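Every value quoted in this text rests on a predicted model; they were computed, and no experiment measured them.
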Amino acid sequence: MKNRPFSFIPSGRIYTDELRTIAWGADASEYRLIPKMVIRAANEDEVSGILSEASRCGIPVTFRAAGTSLSGQAITDSVLVVAGKNWEEFRYNPGDCSVTLQPGIIGREVNRRLAPFGRYFGPDPASIGSCMVGGIVANNASGMSCGVHANSDQTLLSARIVLADGTVLNTGDESSRAAFRQSHPEMLASIEALRDEVVKDEKLRDRIKHKYSIKNVTGLNLRPLVAYSDPFEIIAHLMVGSEGTLGFLSEVTMATLPVTPYKASAMIYFDSIVDAAKAVVAMKKAVKVSAAELLDNRSLTSVGDTRLSAQKPDLTALLTEVQAQSPEELKAMVSRVTEALRPFGVEVRFTDNPSETASYWAIRAGIFPTVGGLRKEGTTCLIEDVAFHVEDLPEATADLSALLDRHGYTDSCIYGHALEGNFHFIINQSFETAQDIARYDAMICDVARLVVEKYDGSLKAEHGTGRNMASFVEYEWGEKAFGLMKRIKEIFDPLGILNPGVTFNSEIGRAHV
């Protein structure tokens, strides 16, 4: 059609027909929004042009790579820009062992290409076999082993960013920085002012550091304001976890980590979920365990674990992994874990047999799809992720389990990255009646009270704020910190065109929490 928006994009890569817009109207979350237009962008110049025109016309834009988002970040009822296929560049930089990546390359493919160099990509979301780098970084997605020490925020070195007005900034290139100083002095001054304000406010500064001592992706990433002084470093790291609300990441350069050659895993069973949580605390104090995945009774039931019995209705497992540089070190680490767990009276049997360890981790990977497959017809399988400080884990675990039971979610399950105090809980929810909706609302509000008020934890640990928790961001962070986030959003996206409804959602309130 004549005079259509974004006419510089070939018509074969713009979809407005009903079939394809409906197909692109869902991601891996429970949400659905039908875009008016889907654009398969081919390169950075096209994204720059799209954002430049969108800014002039006030058209909202949302970005998408693989669409594995669990919190509704990759859908829109406006313009959806897809940057998956044709955005797969990989470049290993041997000088500093870093890797430069475009947003469309799959995480597992990054690790496959890094393997010959003896390196690996730090962020390790469970969906690494299908999710793409753009989403991993934009959500600060993490998983079983990277914790807060090797996530995207910690390993990002520089980024190429397309801002809301179409400007391209490469934070790792001095000529690009110099040009940006000339073109956007007010933006840099505003960021420096925010940095100075936070640095001078000891209480706020300490609050930010405390919040990021555990996994936390609730709201925009405030850690850069206390971690860096260079405004370009701050800009690059503000993009991490921003969920496409501040700009488009066309390229990132990330530090990589050395592969640890020796590994062993054990599936360790406890009589209760509280005992398993206490064991995590004991292990974390005694030895550097690389992973400790908790699987509660219902998680084990979903995958048909044969150890379940009527005599042990609360049976809980910890899938534990240790890594070492030599066989001798591995043996010593296994011995220390065994000793740390001796007071619990459990059998500890580690194995380094690849087929056996692979079967253990396949069980862990299968929980979410298996539970979803068992849901009643007409219900939706929902997953949320929260984080507690590890010392609070035993009591918090019991509280969370009791909360789900109290609200009638008898088929729910709790599992996840216990070593980092990070749990996922899965529920199968119907939204057919007002009573169904009221039950869900009451449960989520109680989860918020538990996590925020009792334990000062994170309502979103690794899946991104998304849509479901956008209305709780101020509740978790408080007025002052949330005010910083709103000011950051205004600096990067003054017209509010980037991924509206995600992270910030003025249409939904939780005043009754």
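- Atom-to-atom distance recorded for L450:CG and M443:CE is 12.0 Å, nearest 0.5 angstrom.
- Under the side chain to side chain donor-acceptor pair (under 3.5 Å) test applied with Q73, the options N139, D27, T245 reduce to a single match, N139.
- Annotation: side chain of H424 is in contact with side chain of H463 (closest heavy-atom distance under 4.5 Å).
- By the 30° and 60° cut-offs, the orientation of the rings of F180 relative to H184 is parallel.
- The existence of a salt bridge linking E476 and K211 is confirmed by a sub-4.0 Å separation between a basic side-chain nitrogen and an acidic carboxylate oxygen.
- Under a 3.5 Å cut-off, the side chain of D201 and the backbone N or O of L204 do form a donor-acceptor pair.
- In this structure, a donor-acceptor pair under 3.5 Å is absent between the side chains of D296 and T316.
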For T380 and E30: C-alpha separation, side-chain torsions, deciding distance, then whether side-chain hydrogen bond (donor to acceptor under 3.5 Å, both in side chains) applies. CA-CA 7 Å; T380 300; E30 66 270 26; over 6 Å; no
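- Salt-bridge formation is detected for the pair E293/R364: a Lys NZ or Arg NE/NH1/NH2 atom is positioned less than 4.0 Å from an Asp or Glu carboxylate oxygen.
- Centroid-to-centroid, the aromatic rings of W87 and F63 stay 6.0 Å apart or farther.
- Without hydrogens or angle criteria, R177 side chain to T171 main chain gives a donor-acceptor distance under 3.5 Å.
- Counting heavy atoms from C-beta outward, E420 and K284 have side chains that approach closer than 4.5 Å.
- One side chain, S430 or D436, offers a donor N or O that lies under 3.5 Å from an acceptor on the other.
- Between the side chain of T21 and the backbone N or O of I34 there is no donor-acceptor pair closer than 3.5 Å.
- Counting heavy-atom neighbours within 6.0 Å of K454 NZ, excluding the residue itself, gives a total above 12.
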Check against side-chain hydrogen bond (donor to acceptor under 3.5 Å, both in side chains), Y212 and D153: CA-CA 11 Å; Y212 291 111; D153 196 22; over 6 Å; no
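- Side-chain contact check for V281 versus P394: some heavy-atom pair is nearer than 4.5 Å.
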Evaluate the criterion side-chain contact (heavy atoms from CB on, under 4.5 Å) for residue pair V447 and E384; output intermediate values, then yes/no. CA-CA 10 Å; V447 168; E384 283 296 345; over 6 Å; no
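- Distance check, rounded to the nearest 0.5 Å: CG of D196 to CD of E192 gives 7.0 Å.
- Not a single donor-acceptor pair under 3.5 Å links the side chain of R119 to the backbone N or O of L114.
- Taking all atoms of both residues into account, the shortest heavy-atom contact from V110 to V133 is CG2-CG2, 3.9 Å.
- Nearest heavy atom pair, residue A28 against residue L70, reads O-CD2, 3.8 Å.
- At a threshold of 4.0 Å, the pair E197-R487 counts as salt-bridged, since one of the basic side-chain nitrogens sits closer than that to a carboxylate oxygen.
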Show, in sequence, the C-alpha distance, side-chain angles and deciding distance for S52 and R56, and conclude whether the side-chain hydrogen bond (donor to acceptor under 3.5 Å, both in side chains) test is met. CA-CA 6 Å; S52 178; R56 288 196 306 271; 3.1 Å; yes
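- Salt bridge status for R449 with D399: absent, with no side-chain N to carboxylate O gap under 4.0 Å.
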Walk me through whether F248 and V61 qualify under side-chain contact (heavy atoms from CB on, under 4.5 Å). CA-CA 10 Å; F248 173 77; V61 174; over 6 Å; no
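- Within the 4.5 Å cutoff, no side-chain heavy atoms of V452 are placed close to those of F472.
- In terms of heavy-atom proximity, A164 sits nearest to L498 at CB-CD1, 3.9 Å.
- Within the 4.5 Å cutoff, the side chain of I235 has heavy atoms near those of the I191 side chain.
- Between H417 and K215 the shortest side-chain heavy-atom distance falls below 4.5 Å.
- I491 and S190 make their closest contact through CD1-CB, 3.6 Å (heavy atoms, listed as atom of the first residue, atom of the second, distance).
- Rounding to the nearest 0.5 Å gives a distance of 10.0 Å between CG of L318 and CG of D275.
- Checking side-chain atoms of N111 against main-chain N and O of Y120 turns up no donor-acceptor pair under 3.5 Å.
- Here the side chain of S71 pairs no donor or acceptor atom with the backbone of G466 at under 3.5 angstrom.
- One finds the CG atom of D314 at 9.0 Å from the CZ atom of R298 (value rounded to the nearest 0.5 Å).
- Residues forming a side-chain contact (heavy atoms from CB on, under 4.5 Å) with T68 (at least two apart in sequence, or on another chain): A66, S127, S130, C131.
- Of the inter-residue distances, the one linking L393 atom CG with Y455 atom OH reads 9.5 Å to the nearest 0.5 angstrom.
- Rounding to the nearest 0.5 angstrom, the gap separating the CG atom in L400 from the CG atom in L404 is 5.0 Å.
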Take T100 and T253 through the side-chain hydrogen bond (donor to acceptor under 3.5 Å, both in side chains) test and state the conclusion after the steps. CA-CA 4 Å; T100 300; T253 297; 2.9 Å; yes
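- At least one donor-acceptor pair under 3.5 Å links the side chain of T465 to the backbone N or O of V217.
- Listed here is the closest heavy atom pair of L188 and P231: CD2-CB, 4.0 Å.
- A donor-acceptor contact shorter than 3.5 Å is absent between the side chain of R375 and the backbone of D411.
- Contact of the K200 side chain with the R205 side chain is not registered, since no non-hydrogen atoms from C-beta on lie closer than 4.5 Å.
- Paired with P35 under the rule side-chain contact (heavy atoms from CB on, under 4.5 Å), one option of V81, I75, V82, T76 passes, and it is T76.
- S145 contributes no side-chain N or O that, together with a main-chain N or O of A291, makes up a donor-acceptor pair within less than 3.5 Å.
- Taking the charged nitrogens against the carboxylate oxygens, K460 and D385 do have a contact shorter than 4.0 Å, which makes a salt bridge.
- Remark: of the listed residues C381, C413, S412, S412 is the sole one forming a side-chain contact (heavy atoms from CB on, under 4.5 Å) with I427.
- A salt bridge links D493 to K489: at least one charged side-chain nitrogen sits closer than 4.0 Å to a carboxylate oxygen.
- Looking at R207, its side chain never comes within 3.5 Å of a backbone N or O of G478 through a donor-acceptor pair.
- Classified by interplanar angle (parallel below 30°, tilted 30° to 60°, perpendicular above 60°), the ring pair F504/F482 is tilted.
- Of all the heavy atoms in A398 and V274, the pair that sits closest is CB-CG2, 3.6 Å.
- E174 and R181 are joined by a salt bridge, as a carboxylate oxygen and a charged side-chain nitrogen come within less than 4.0 angstrom of each other.
- In this structure, the side chains of Y475 and M469 stay at 4.5 Å or more apart for every pair of heavy atoms.
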So S78 and T62, side-chain contact (heavy atoms from CB on, under 4.5 Å) or not? Walk me through it. CA-CA 8 Å; S78 184; T62 293; over 6 Å; no
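- Other residues, nucleotides and ligands contribute only 12 or fewer heavy atoms inside 6.0 Å of the CD atom of Q182.
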